[in-house]
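Since the structure comes first, as structure tokens, the remarks are kept for the end.
Residue numbers run from 1 in the order of the sequence given. Whatever order the structure lists them in is the order used to number ligands and atoms, beginning at 1.
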Amino acid sequence: MEEGIFVSDFNKIIRDKYKLPERVYIFDTTLRDGEQTPGVCFTYEEKLDIARKLDEMGVDIIEGGFPINSEEEERTVRDMKKMGLRAKICGLARCTFEDIDACIRADVDRIHIFIATSDIHLRYKLRMNEEEALKQAIKCTEYVKAHGFECEFSCEDATRTPLERLIKFYKSVEECGADIHNVPDTVGVMEPEAMFYLISELKKVLKKPISVHCHNDFGLAVANTVAGVKAGAEQVHTTINGLGERAGNASMEQTVMILTAMYKIKTGIKLRLLKETSRLVEKYSMIKLMPNFPIVGDNAFAHEAGIHVHGVLAKAESYEPITPEMVGQKRRIVMGKHTGKHAVAAFVKERFNLPDEKIKEVIEKVKKLAVHKKKIIEDDVIAIVDEVIGTIPEVEKIVKLDEVLIITGNKITPTASVQITIGDTKKIVASTGIGPVDAAAKAIQNAIEEKITLLNYKLEAISGGTDSLCTVEVLLEDKQGRNARGIAVGGDIVMTSINAIMDGINKIFRMYR
Ligand code: KIV
Ligand code: ZN
């Protein structure tokens with residue numbers, strides 16, 4: 001078994017059956033098809049940042065955008081090219097001179113031209129017949145080549161186009177100099193054997209390399225992409241986090257890992273950068289990844305059930321097909337209703353520096369709690385650890401609140417100014433808010449310069465009267481979606497709220513940094 005890869009030996013039988021390519025080229029379209037995800041719009045800076053990361057990760061071709069879309073898009077793609085990345089920069093164009101001219105002005109390395117070829121698209125979208133579309137395809141391929149650019153040609157909706165027609169289009173553009181044929185499953189209507197058949201048939205008649213571009217309408221984008229490679233495709237279109245029109249495109253993370261782990265096919269991708277890149281795109285796209293998303297999801301290497309955790313702790317590959325480190329992930333032991341004592345001990349050891357007898361005490365308390373409470377979450381164990389070790393002593397706090405000044409009244413906007421110390425750095429930040437607690441919470445959040453969101457705030461009076469004690473419980477979430485609960489008790493509602501927030505922030509810092 002190759003280092004870090006623990007997949008099935010049955011895959012070898014399949015590997016030996018096919019003439020698999022040694023290397024597959026990764027064409028990333030996160031910045032073009034990925035940006036067509038409903039609700040996603042990357043800024044100029046975000047696009048350049050993502051391009052830089054894709055290049056660092058080893059992507060071969062970056063589809064930077066659709067330059068005819070706007071002057072801003074053209075400028076973005078042009079500036080991306082100017083960055084001098086190792087990856088080739090590609091621009092998308094319909095089969096019109098106007099679209100191609102925008103790509104030429106953006107000075108890309110490759111122009112990806114497309115024209116629809118299925119009956120439904122020809123009749124209702126293009127209002128052209130087959131001959132007119134073919135003429136347009138030929139004219140535009142010649143135009144791209146005459147200007148000295150690499151040309152990738154796509155028959156849009158290829159998978160609902162008759163095979164003879166597809167062959168006619170691809171062969172014709174090949175004769176005019178097209179460098180690579182892309183086969184889009186535009187509406188994700190293929191299944192793997194059908195994709196294998198289609199690419200095999202095209203392989204028989206085409207000389208230039210073939211690429212596949214699969215959409216995920218039936219959840220088969222990755223499987224179809226891999227089937228395309230098995231049939232001889234040399235290039236795959238993918239997106240980070242599987243972003244893309246409707247249900248998205250084939251995810252780069254899954255495709256690359258399947259090719260690597262199951263088929264031993266090389267890509268230029270630095271696997272350990274997969275998680276980092278996924279997180280960057282998650283942040284900029286503001287599309288939160290499902291925790292159970294393969295390879296890069298937060299749960300992809302998280303273990304909850306007691307038996308699994310025992311197995312994982314004894315020998316990680318018992319329940320892991322690849323090591324988390326390989327893809328830039330970390331193994332997580334999660335507390336849940338199936339949690340066993342091994343899991344509790346591992347969880348506590350990973351986060352806190354506790355002597356063995358204290359760990360035993362925590363396990364006993366967790367067991368007692370489990371009798372009454374079916375679901376034991378990480379927070380419950382953290383609360384028990386806090387109880388066992390007492391509240392975080394001031395000296396152990398990573399983020400300390402030195403001073404706070406709050407002004408509020410019936411005619412002024414509540415304003416808070418805080419001074420906090422993080423490690424050796426002191427920060428003074430002010431903020432306004434809806435009320436004094438909100439103003440202080442915002443000032444603290446701004447001062448720590450890390451996105452920590454207040455998910456829940458609960459205030460309870462312990463006794464009656466205006467001088468009563470109160471408890472405040474807050475639930476915080478950091479930018480990776482990890483939660484911590486902060487608790488404080490006091491006589492001043494505002495100060496108790498601030499102390500609870502500081503308690504939660506320190507728990508997040510202590511657990512994850
Ligand atoms: O899905 C599709 O058909 C496309 C084309 C532009 C290649 O994205
Ligand atoms: Zn597409």
Side-chain angles (χ1 to χ4, degrees), residues 25-38 40 61-69 73 77 89-96 98-100 102-103 106 108 110-122 124-126 128 133 136-137 140-141 144 150-161 165-166 169-170 173 178-190 194-195 198-199 202 208-225 228 233 235-252 255 285 287:
Y25 290 86
I26 305 295
F27 178 114
D28 184 273
T29 182
T30 307
L31 297 173
R32 199 277 298 168
D33 220 329
E35 206 194 21
Q36 287 169 228
T37 308
V40 173
I61 302 111
I62 298 172
E63 190 165 51
F66 193 14
I68 193 67
N69 235 346
E73 181 94 341
V77 178
I89 303 297
C90 177
L92 181 71
R94 287 166 298 192
C95 274
T96 69
E98 218 193 337
D99 279 31
I100 296 170
C103 290
V108 294
R110 180 182 292 186
I111 303 180
H112 173 198
I113 56 171
F114 72 98
I115 194 157
T117 50
S118 64
D119 285 342
I120 191 164
H121 276 235
L122 283 170
Y124 296 103
K125 192 181 85 166
L126 294 183
M128 272 184 191
Q136 196 71 13
C140 288
T141 307
V144 171
E150 257 183 37
C151 179
E152 174 157 346
F153 176 79
S154 283
C155 288
E156 192 190 10
D157 207 15
T159 52
R160 292 192 298 182
T161 302
R165 193 184 298 164
L166 279 183
F169 270 74
Y170 286 124
V173 296
D179 298 285
I180 177 160
H181 305 290
N182 182 48
V183 183
D185 184 19
T186 303
V187 275
V189 290
M190 293 293 262
M195 197 66 180
L198 171 59
I199 301 302
L202 292 175
K208 291 290 169 66
I210 295 184
S211 162
V212 286
H213 173 108
C214 300
H215 279 273
N216 204 29
D217 298 69
F218 284 86
L220 288 170
V222 172
N224 288 336
T225 303
Q235 177 186 278
V236 294
H237 281 207
T238 60
T239 58
I240 299 295
N241 297 346
L243 290 184
E245 283 269 16
R246 306 180 308 281
N249 289 58
S251 123
M252 141 109 68
T255 307
S285 64
I287 302 272

Legend entry - Test log, rule side chain to side chain contact (heavy atoms under 4.5 Å, CB included), inputs F114 and L92: CA-CA 8 Å; F114 72 98; L92 181 71; 3.6 Å; yes

Inset, instruction - Start with the C-alpha gap between D217 and V189, add the side-chain angles, then the distance that decides, and say whether side chain to side chain contact (heavy atoms under 4.5 Å, CB included) holds. - result: CA-CA 7 Å; D217 298 69; V189 290; over 6 Å; no

Inset, instruction - Please assess E63 against R110 for the test salt bridge (charged side-chain N to carboxylate O under 4.0 Å, His left out), listing each intermediate value before the final yes or no. - result: CA-CA 9 Å; E63 190 165 51; R110 180 182 292 186; over 6 Å; no

Inset, instruction - Evaluate salt bridge (charged side-chain N to carboxylate O under 4.0 Å, His left out) for D33 paired with R246, printing each intermediate quantity in order. - result: CA-CA 10 Å; D33 220 329; R246 306 180 308 281; over 6 Å; no

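For E245, the side-chain hydrogen bond (donor to acceptor under 3.5 Å, both in side chains) test picks out Q36, with sequence neighbours left out. Residues passing the side-chain contact (heavy atoms from CB on, under 4.5 Å) test with A247, sequence neighbours excluded: N216.
If you look at the Zn ion (ligand 2), the protein N, O or S atoms less than 2.8 Å from it are D33 OD2, H213 NE2, H215 NE2.
Although no hydrogens or angles enter the test, the distance criterion places no donor-acceptor pair under 3.5 Å between the side chain of K208 and the main chain of H181.
Counting only N and O atoms by type, the side chains of S211 and N182 include a donor and acceptor under 3.5 Å apart. Between the side chains of T117 and T161, a donor-acceptor pair is found at a separation under 3.5 Å.
Listed by chain and residue number, the protein contacts of ligand 1 are R32, D33, H112, F114, S154, E156, P184, T186, H213, H215 (heavy atom within 4.0 angstrom).
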